[in-house]
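Let me begin by presenting the structure, written as structure tokens, before commenting on it.
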Amino acid sequence: MNLQRPAPGAEGPYAAAYLPRFEMRLAPPGPPTGASVAKLGGEPVWRGEPSWPVVPRTGVPLDFIGQFPVPGEPDEEPRTAYLFLSYDDYETGGIDADDGEAVLLVQPGGRIPDFAVIGPPGTTGRSLWAFDGEEEKVPVEFRIDFRPVADELEAELEADGVLSVRTYIGGRPSYPDWSGYEAPWRFFFRLAQEEGDPYFLNFADGGGYAYLSPDRLEGRFKWEAA
């Protein structure tokens with residue numbers, strides 16, 4: 001998907017920095033389609049040199065959560081953002097966007113955040129997973145299909161400050177009671193996890209928010225509880 005375009009005048013985390021907004025819908029992964037595929041779980045399809053982040057204090061590889069198309073102009077080289085989060089005792093990394101336990105990498109040509117620690121060549125870790133019927137962790141993988149958000153739902157956000165769509169890319173973010181990551185970082189996408197979803201992410205019934213730098217070469221991610 002490269003249908004999104006940077007929106008002029010966006011300056012920070014409250015702005016509609018990339019338009020239009022799309023809801024993310026999950027589908028079976030299907031056959032491999034290269035680095036342009038948007039997905040949750042599975043293995044990252046790198047556009048550049050493999051760069052798997054690890055927890056800075058322990059060296060444990062982060063979990064690969066998914067990959068997402070970076071908005072751009074039609075004549076720009078396509079880029080992909082790769083999200084990695086730590087997991088420890090039911091807690092998902094991302095409470096602090098700058099401690100190296102939530103890393104959003106952009107390829108090709110992106111910058112690795114200065115707080116991120118990349119493992120040595122050949123480092124890999126787990127992918128996104130779910131609990132099975134016996135409470136064992138099993139890896140999962142889904143293709144992301146994008147569906148334009150209806151105008152009436154956008155109107156809800158303008159009226160109430162809340163968007164009923166939980167997982168989306170682009171548009172203006174809906175925050176429960178939080179100010180987002182500081183300007184000039186620009187809102188990119190929101191992930192959520194609720195009971196019954198086919199994957200596990202512990203955002204304490206809240207949501208995880210991704211941001212891009214104004215030049216779209218570096219990412220941040222953090223979550224907030226409901």
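- Geometrically, R21 engages Y168 in a cation-pi contact defined by less than 6.0 Å to the ring centre and at most 45° from the axis.
- Aromatic pair Y175/Y14: ring centres closer than 6.0 Å.
- There is no path of hydrophobic side-chain contacts, each under 4.5 Å, that joins V117 to F115.
- Checked against Q67 for a side-chain contact (heavy atoms from CB on, under 4.5 Å), the options T80, L40, L83 give a single hit: T80.
- Between W223 and F221, the ring center distance fails the sub-6.0 Å criterion.
- Residues meeting the side chain to side chain donor-acceptor pair (under 3.5 Å) test with E43, sequence neighbours left out: none.
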Using the rule given for salt bridge (Lys or Arg N to Asp or Glu O under 4.0 Å), can you reason through K137 versus E135, listing the C-alpha separation, both sets of side-chain angles and the distance that settles it, and then say yes or no? CA-CA 7 Å; K137 302 181 186 71; E135 293 299 302; over 6 Å; no
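- Residues forming a side chain to side chain donor-acceptor pair (under 3.5 Å) with Q107 (at least two apart in sequence, or on another chain): none.
- For Y18, there are no side chain to side chain donor-acceptor pair (under 3.5 Å) partners two or more places apart in sequence or in a different chain.
- A salt bridge is absent between E224 and K222; no separation between the charged side-chain nitrogens and carboxylate oxygens falls under 4.0 Å.
- Checked against V54 for a side-chain contact (heavy atoms from CB on, under 4.5 Å), the options L62, T123, V60 give a single hit: T123.
- Taking NZ of K39 as the reference point, atom CG of D145 lies at 14.0 Å (rounded to 0.5 Å).
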Intermediate values then yes/no, side-chain contact (heavy atoms from CB on, under 4.5 Å), F189 and Y209: CA-CA 6 Å; F189 65 80; Y209 296 83; over 6 Å; no
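- Taking the six-membered ring where the residue is Trp, F64 and F84 present tilted rings, their angle falling between 30° and 60°.
- Applying the salt bridge (charged side-chain N to carboxylate O under 4.0 Å, His left out) criterion to D96, with sequence neighbours excluded, gives no partner residue.
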Name every donor-acceptor pair, under 3.5 Å, that has one atom in a side chain of residues 198-206 and the other anywhere in the protein, sequence neighbours excluded.
| from | atom 1 | to | atom 2 | distance (Å) |
| --- | --- | --- | --- | --- |
| Y199 | OH | A192 | O | 2.6 |
| N202 | OD1 | A204 | N | 3.1 |
| N202 | ND2 | Y90 | O | 2.4 |

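- Shown here are the side chain to side chain donor-acceptor pair (under 3.5 Å) partners of R126, two or more places apart in sequence or in another chain: D63.
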